[in-house]
Amino acid sequence: YKKKMKMKKLVLAFAFISCFACQQNQAQNKSEKASTQNRKTMAKETIYQFKVKDLEGNDFDFATLKGKKVLIVNTASKCGLTPQYKDLQAIYDQYKDKNFVILGFPANNFASQEPGTNEEIGAFCQQNYGVTFPMMDKISVKGDDMNEVYKFLTEKSKNGLQDSEVEWNFQKYLINEQGELVKVVSPKTLPTDPEIVNWLKA
């Protein structure tokens, strides 16, 4: 009888251990599946997928920027922050030979401060600030007609970093050498601010 009881206890213990191990296995499989799904939904896209037009109407392929740091900025000709063109040009001159480029996107989303045509915008930038960094076709950076590039920059589900909203003209988006968004910088922060310059030097 004692032997039978001992056997019963052993069988029960074994069954309990097996069941526990099985549950652990299932839980692990579930969490592995969930983390794989999370990785899929949060997979970072890069800026290299986009093609746009520049100010002269030529095609501009972001894939040509691989290996460079990129500062993307929405610009306007009649804004209190318009003098930032001077600072943008200054850092572009200083770092353009060190794998750095600035892309300006004229946009009329804020207080109609960029009313001009592409031709007028180009002339304004050249005459007033000697801008030589690439300027793109005039686009929208918010609202229903938001450009695809700015959907990438402002939506965490696409850029993997954060959701943001373009607050005003001259908001800056910093892209690393792998085409990933790494920082969003306020419109009022000057392009020559340590926040940007230190990133360029790093």
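Position 1 is the first residue of the sequence, and the numbers go up from there.
Shown here for F170 and Q84, the closest heavy-atom pair between the two residues is CB-OE1, 3.6 Å. Taking every heavy atom of both residues into account, F152 and E45 meet most closely at CE1-O, 3.5 Å. Contact record, E177 with Y48: O-OH, 2.8 Å, taken as the closest heavy-atom pair. Counting all heavy atoms, side chain and backbone alike, Y173 lies closest to S164 at OH-OG, 2.9 Å. When all heavy atoms are compared, the tightest approach of N169 to N74 is CA-ND2, 3.4 Å. Taking both residues in full, the closest heavy atoms of Q171 and V184 are given as NE2-CG1, 3.7 Å, listed atom of the first, atom of the second, then distance.
Between K51 and D59, no side-chain nitrogen of the basic residue sits less than 4.0 Å from a carboxylate oxygen of the acidic one, so the salt-bridge criterion is not met. Here D163 does not pair with K156 in a salt bridge; the nearest charged N to carboxylate O distance is not below 4.0 Å.
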Quiz item: Between Y129 and L88, is a side-chain contact (heavy atoms from CB on, under 4.5 Å) present by the stated rule, with each step listed?
Solution: CA-CA 10 Å; Y129 298 102; L88 287 164; over 6 Å; no
Exercise. Take T75 and M135 through the test side-chain contact (heavy atoms from CB on, under 4.5 Å) and record every step on the way to the result.
Key: CA-CA 9 Å; T75 63; M135 290 290 292; 3.5 Å; yes
Exercise. Please step through side-chain contact (heavy atoms from CB on, under 4.5 Å) for the pair L153 and I175, ending with a clear verdict.
Key: CA-CA 9 Å; L153 294 172; I175 311 287; 3.8 Å; yes
Quiz item: Please walk me through it: do F133 and V101 pass side-chain contact (heavy atoms from CB on, under 4.5 Å)?
Solution: CA-CA 7 Å; F133 56 82; V101 70; 5.7 Å; no
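Within the 4.5 Å cutoff, no side-chain heavy atoms of L71 are placed close to those of K69.
With ring centers used as reference points, F60 lies under 6.0 Å from F62.
Evaluated for a side-chain contact (heavy atoms from CB on, under 4.5 Å) with I47, the options N159, L181, I72, N176 yield exactly one hit, I72.
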Kindly list each side-chain donor-acceptor pair under 3.5 angstrom involving residues 102-112, sequence neighbours excluded, with atom names and distances?
from: N108; atom 1: OD1; to: Q113; atom 2: N; distance (Å): 3.3
from: N108; atom 1: OD1; to: E114; atom 2: N; distance (Å): 2.8
from: N109; atom 1: OD1; to: V141; atom 2: N; distance (Å): 2.9
from: N109; atom 1: ND2; to: S140; atom 2: OG; distance (Å): 3.0

Per-pair distances, 0.1 Å, donor-acceptor, side chain in residues 187-202, under 3.5 Å, sequence neighbours excluded:
from: D193; atom 1: OD1; to: E195; atom 2: N; distance (Å): 2.9
from: N198; atom 1: ND2; to: P194; atom 2: O; distance (Å): 3.2

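Counting heavy-atom neighbours within 6.0 Å of K86 NZ, excluding the residue itself, gives a total of 12 or less. For K96, the NZ atom sits in a packed shell: over 12 heavy atoms of surrounding residues, nucleotides or ligands are nearer than 6.0 Å.
When atom types are taken as modelled, the side chain of K158 and the backbone of V149 share no donor-acceptor pair closer than 3.5 angstrom. A donor-acceptor contact shorter than 3.5 Å is absent between the side chain of Q126 and the backbone of A123. Under a 3.5 Å cut-off, the side chain of N128 and the backbone N or O of F124 do form a donor-acceptor pair. No donor-acceptor pair under 3.5 Å is formed between the side chain of D61 and the backbone N or O of T64.
Note that CD of Q162 is 9.0 Å distant from NZ of K183, once rounded to the nearest 0.5 Å. For the atom pair CD of Q94 and CG of D97, the computed distance is 11.0 Å after rounding to the nearest 0.5 Å. Atom NZ of K68 sits about 14.5 Å away from atom NZ of K98, to the nearest 0.5 Å.
Defined by atom type and a distance below 3.5 Å, a donor-acceptor pair is missing between the side-chain atoms of T132 and Y92.
Judged as a side chain to side chain donor-acceptor pair (under 3.5 Å), and not counting sequence neighbours, T154 has no contacts.
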